[in-house]
Amino acid sequence: MKKPVIAIDGFSSTGKSSISKIIADNLGIVHLDTGALYRGITWFALQNCLDDNDTINLEQLFSSFPLIDLQFKNDEGELVLYLNHINISKEIRSNEVSDNVSFIAKQKEVRDFLLQSQRNLAEKGGIIMDGRDIGTVVLPNADFKFFLTASIDERTKRRYQELLSLGIEADENLVRENLIARDKIDSEREIAPLTKADDAIIVDNTMLTKKETIETILSYLKK
Ligand code: DC
């Protein structure tokens with residue numbers, strides 16, 4: 001029997017990736033955190049494509065695509081992102097990347113560059129992919145689609161704790177501002193904006209623990 005293709009979209013810091021990973025383990029399918037790919041490209045741009053005034057030169061980035069090799073490797077059960085064979089899993093969570101990733105992710109060239117490889121990974125089934133445009137653009141024919149949301153206060157708290165646990169210095173007010181700014185750019189961009197697919201199930205997990213969110217999603221998958 002073909003294993004399911006599951007799309008998880010939603011706002012920043014609703015727990016999409018960590019929840020998707022546990023569901024993938026539970027169902028014996030692959031998990032792909034597509035946000036990490038956009039973060040990986042942003043990290044590359046910050047390292048290699050800055051103008052004299054320290055802004056990202058988009059033309060330089062676009063012409064550098066052939067030099068970007070992003071791969072997930074399984075590191076003791078964790079999928080870890082490598083850029084040109086270097087582990088960048090910590091770097092992609094830095095404030096510098098978070099502050100620039102939505103600007104990079106709204107570029108058509110960047111989205112086109114990542115689209116086909118995401119689709120190819122889902123061809124054989126057995127995958128849960130989380131992001132912003134998975135149910136609407138990347139995998140419109142997914143077997144299941146979920147849209148995760150939660151209040152801004154709750155999301156700020158979660159993101160702040162995540163940064164601290166990664167040993168990254170953080171200011172709660174700035175975390176909140178970054179989340180609001182990112183959601184605005186992601187939702188209002190012209191190409192593949194963050195929006196609920198018509199056939200996606202909304203899960204508001206403001207009042208739910210991670211375990212309860214997972215149980216809610218699994219209850220739909222097992223129906
Ligand atoms: O899920 P995340 O916070 O790691 O995603 C980082 C950024 O990447 C987010 O601000 C929007 C963008 N993104 C996107 O545009 N499309 C996706 N499928 C996944 C992420």
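Counting starts at 1 for both ligands and their atoms, in listed order.
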Inset, instruction - Starting from atom 18 (N) of ligand 1, locate the nearest protein heavy atom and write down its residue, its atom name and how far away it is, to 0.1 Å. - result: D133 OD1, 2.8 Å

Legend entry - Nitrogen or oxygen of Y38 less than 3.5 angstrom from that of ligand 1: no

Inset, instruction - Return yes when R111 approaches ligand 1 closer than 4.0 angstrom through a heavy atom, no otherwise. - result: yes

Legend entry - More than 12 heavy atoms from other groups under 6.0 Å of CD on E190: no

Legend entry - The one among Q107, R132, K16 that brings a heavy atom closest to atom 1 (O) of ligand 1: R132

Legend entry - Closest approach of any protein heavy atom to atom 20 (C) of ligand 1, naming residue and atom: G35 CA, 3.5 Å

Legend entry - N173-E177 side chain donor-acceptor pair, cut-off 3.5 Å: no

Legend entry - Residues N53 and T55: side-chain donor-acceptor under 3.5 angstrom: yes

Legend entry - Side-chain donor-acceptor pair present, D51, N57, cut-off under 3.5 Å: yes

Legend entry - A105 neighbourhood, listing ligand 1 atoms whose heavy-atom distance to it stays under 4.0 Å: 12 (C), 15 (O)

Legend entry - Numbered atoms of ligand 1 (with element) below 4.0 Å of R93, judged on heavy atoms: 4 (O)

Inset, instruction - Determine whether the side chains of D130 and H31 contain a donor N or O and an acceptor N or O closer than 3.5 Å. - result: yes

Legend entry - Lys NZ or Arg CZ of K196 over F147 ring: under 6.0 Å, within 45°: no

Inset, instruction - Verify whether one side chain among S98 and N178 offers a donor that lies under 3.5 Å from an acceptor in the other. - result: no

Inset, instruction - Give the ring-plane orientation class for F65 versus F62, where under 30° counts as parallel, over 60° as perpendicular and anything between as tilted. - result: tilted

Legend entry - Atoms of ligand 1, numbered as shown, that sit under 4.0 Å from any heavy atom of G131: 17 (C), 18 (N), 19 (C)

Inset, instruction - Specify the protein heavy atom at minimum distance from atom 3 (O) of ligand 1: its residue, its atom name, and the distance to 0.1 Å. - result: R182 NH1, 2.9 Å

Inset, instruction - Determine whether any heavy atom of R159 lies closer than 4.0 Å to an atom of ligand 1. - result: no

Legend entry - Closest approach of any protein heavy atom to atom 4 (O) of ligand 1, naming residue and atom: R39 NE, 2.7 Å

Legend entry - atom 19 (C) of ligand 1: the protein heavy-atom neighbour that sits closest, reported with distance to 0.1 Å: T34 OG1, 3.4 Å

Legend entry - Proximal ligand 1 atoms for D186, defined as those under 4.0 Å from one of its heavy atoms: 9 (C), 10 (O), 11 (C)

Inset, instruction - Test salt bridge (charged side-chain N to carboxylate O under 4.0 Å, His left out) on D133 and K145 and set out the steps. - result: CA-CA 11 Å; D133 61 340; K145 298 180 186 178; over 6 Å; no

Inset, instruction - Check the side chains of R132 and T195 for a donor-acceptor pair under 3.5 angstrom, ignoring hydrogens and angles. - result: no

Inset, instruction - For S102, counting its heavy atoms only, list the atoms of ligand 1 lying under 4.0 Å from any of them. - result: 10 (O)

Inset, instruction - Work out whether the distance between some heavy atom of R189 and some atom of ligand 1 is less than 4.0 Å. - result: yes

